[in-house]
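A, B, ... follow the sequence lines: proteins, then strands. Residue 1 opens every chain. Just so you know, these numbers come straight off a predicted model, no measurement behind them.
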Amino acid sequence: MLPKQYRLKNKAAFSATYRIKNSFHKGGVTLFAGIKKKENCPTRAGFVVSKKTHKRAVKRNRLKRLMRECYRLLLKSGNTGNAGEYLSLIFVGGEGALDKNFFEMQNIIKKLLERL
RNA sequence: UAAAGCAGCCGGAUAAUCGCGCAUUGCGCUGACGGAUAUUGUUACAAUUUUGUAAAAAAUCAGGUGGCUGUCAAAAUUUGGCAGCCGGUCAACAAUGUGAGGAAAGUCCGUGCAUCCGAGGACAAAUCGCCGGAGAAACUCCGGACGGCGUGAGCCGGUGGAAUAGGACCACAGAAAUGUUAGACUGCCGAUGGACGAAAGUCACAGGCGAUGGUGCAACGGCGAGGUAAGAGCUCACCGGCGGUGUUGAGAAGCACCGGCCAGGCAACCCCCGAUAGGAUGCAAGAUUAAAUUGAAGGUUAUAAAGGCUGUCCGCCGACUUCAGAAAUAUCGCUAGAGAUUGCGGGUAACCGCAAUACCAGACAGAUGAUUAUCUAUAAACAGAACACGGCUUACGGGCUGCUUUAUUUU
RNA sequence: CGGGAUGUAGCGCAGCUUGGUAGCGCACCGUGUUCGGGUCGCGGGGGCCGCAGGUUCAAAUCCUGUCAUCCCGA
């Protein structure tokens, strides 16, 4: 879990981010970016793994936790590229990302953030 | 030693770094703090999904320091400051504590709990179905009976009634498939009666028969002997079924004796008998707070007052309020319990009783994670709480313990 | 989280209520018609009825368990 002020929490916020349709894809992970910030506030991030990706909750939780942890570590080291300019980010885990380990995942997230 | 059967247990540990939910405490508390402000949603119209057009609302709006005592100051009964005590509380930060399972799963049963509906009774419909016990209840558990499977330890079983209350069905084959005592296809006999004949006998006419063959899952008990014209429970022995009596048992049922044999299957088809229970919907149940906002809904103001439509009256707009609609959010429901652990006692057991101990997840885009090192055995199986509990079923790498059975070998 | 439905030939569906023979359309194969192809005509193949047990003489159908897919409720 990220600290609360960095979390994307509202349903309206999620659908608003999806509507921008600004997306990048790599290694089974899709990144949606929201609008750019107007004022100074933290970038919020959400992590989504659909039930269609895998049937079992344990596998889905694992993927979500990996993505979250990688993003957290990058956020902590200040290595998030241009992500700070956006109000919201959503990471969607797909089928291709299920078998990735921590280091592969870290690479994927890093590359995605660089492309923003 | 090997292969089995049953019962039970474990479901990685330790350390380091980074990180999260919840609880408590600390710090803080009136321009402290903090949540939502992403064009979603609402209303109207249009068309087929889904969208388009228009309208109003939007920079504003939930939550948020109270009480008592003492003291000081202003002032003359209150106000303000400070301190203490008691309570309340948002986020960040800090500290401490705590944080998934044996199946949390499937949702197959049952119960609590909540809302709505229902006078009472009967019928119908529903569910269950060997016996006794346990349990809040259950497609639950325990002990037993019977039947089946296995060399055995053991395992499996929706197991009431088809001799009487009734209906349906039993394809094809077959003569016939359940009928007021079934039926003559292949057949057997023709004793008795009849015809012919001297008689033996012949005819197969009146009739008798349910044995033989064949069909079928199944042919109206089986098998053997007697018996007979041929046959038949017609008679007898044994076996099976059914009924009665006696006896053992709490009962299911077992055992013994007697009886007459017109007795098919199917009740996981209808049905009959017995038993049970108000029904429906599920925590997204439901309760509370509340702003913007909508309504040609109701009431009050109103025999009063202010403003507008017209100078006056009526009426309308208006004001207040109730009700209804109303998205997200917030608070509660929400975890102290048919509970857990340990011990003692009762019971064959399921389980019950008593005592002691501690409080042990409660989220809401949803916590319990990531990396590294060491250890055992390469840490690797199935798998993630969402109102709670009791069961059932299914998935599962590896390991451990106890009891029992069979086989082989040795003593 | 709760509620409901469906699995039958390569594809889309009947049959299940009332148990005995699995059928229809398209596709596929062969053949006829045509100079050739299409169309059309005739003939044919292909199914352990999702899986596993049970009841029954007999199960796609009845009963139980299980797996998969889809739909609905904010």
field: Integer angstrom distance from the P of rA105(B) to that of rA385(B)
entry: 6 Å
message: Partner lookup for rG402(B), please. Criteria are Watson-Crick or G-U wobble with both distances under 3.5 angstrom; report none if nothing qualifies.
response: rC6(B)
message: What is the separation between atom CG on Asn61(A) and atom P on rA105(B), rounded to the nearest whole Å?
response: 14 Å
message: Using whole Å, what does the distance between atom P of nucleotide rC382(B) and atom NZ of Lys59(A) come to?
response: 6 Å
field: C1' spacing across the pair rC26(C) / rG2(C), given as an integer number of angstrom
entry: 41 Å
task: Could you classify rC68(B) for me, syn or anti, using a glycosidic angle within 90° of 0 as syn?
output: anti
message: Minimum heavy-atom separation for Val29(A) and Phe91(A), please, with both atom names.
response: CG1-CD2, 4.3 Å
- request: Could you tell me the separation between the OH atom of Tyr71(A) and the P atom of rG19(B), rounded to a whole number of Å?
  value: 16 Å
task: Tell me the partner of rA381(B), counting only Watson-Crick (N1-N3 plus N6-O4 or O6-N4) or G-U wobble (N1-O2 and O6-N3) with both under 3.5 Å; none if nothing fits.
output: none
query: rA365(B) P sits how many Å from Arg60(A) CZ, rounded?
result: 17 Å
field: Set of side chain to side chain contact (heavy atoms under 4.5 Å, CB included) partners for Glu69(A), sequence neighbours left out
entry: Arg72(A), Leu73(A), Phe102(A)
- prompt: With a 4.5 Å limit on heavy-atom distance, are the side chains of Arg62(A) and Val58(A) in contact?
  reply: no
message: Output the rounded distance in Å from CE (Met67(A)) to P (rG366(B)).
response: 12 Å
query: Do Gln106(A) and Leu66(A) touch side chain to side chain, with heavy atoms closer than 4.5 Å?
result: no
- prompt: Any side-chain heavy atom of Ile108(A) sitting closer than 4.5 Å to one from Met67(A)?
  reply: no
task: Searching all strands shown, indicate the nucleotide that pairs with rA256(B) (Watson-Crick or G-U wobble; both distances under 3.5 Å).
output: rU245(B)
Who pairs with rG311(B) - Watson-Crick or G-U, where each distance is under 3.5 Å: none
Any-strand Watson-Crick or G-U partner of rU303(B), both distances under 3.5 Å: none
Tabulated below should be each protein N or O lying under 3.5 Å from an N or O of nucleotides 369-373 of chain B; please produce it.
unit_1: rG369(B); atom_1: N2; unit_2: Glu69(A); atom_2: OE2; d: 3.3
unit_1: rA370(B); atom_1: OP1; unit_2: Arg62(A); atom_2: NH1; d: 2.2

- request: Searching all strands shown, indicate the nucleotide that pairs with rC18(B) (Watson-Crick or G-U wobble; both distances under 3.5 Å).
  value: rG369(B)
- request: Starting at CG of Asn107(A), measure out to CE of Met105(A) and round the result to the nearest 0.5 Å.
  value: 10.5 Å
query: Considering residues at least two apart in sequence or located in another chain, which fulfil the side chain to side chain contact (heavy atoms under 4.5 Å, CB included) criterion with Arg65(A)?
result: Asn61(A), Arg68(A)
message: Need the pair for rU294(B). Rule: Watson-Crick or G-U wobble, both distances under 3.5 Å, any strand; none if unpaired.
response: rA324(B)
query: Considering only the P atoms, how many Å lie between rG264(B) and rG166(B), rounded to the nearest integer?
result: 14 Å
- request: Using Watson-Crick or G-U wobble geometry with both distances below 3.5 Å, tell me the partner of rG157(B), or none.
  value: rC146(B)
query: Could you spell out the base pairing of RNA chain C in dot-bracket, with Watson-Crick or G-U pairs whose two distances are under 3.5 Å, [ ] crossing and | to another strand?
result: (((((((..((((......[..)))).(((((.......))))).....(((((..]....)))))))))))).
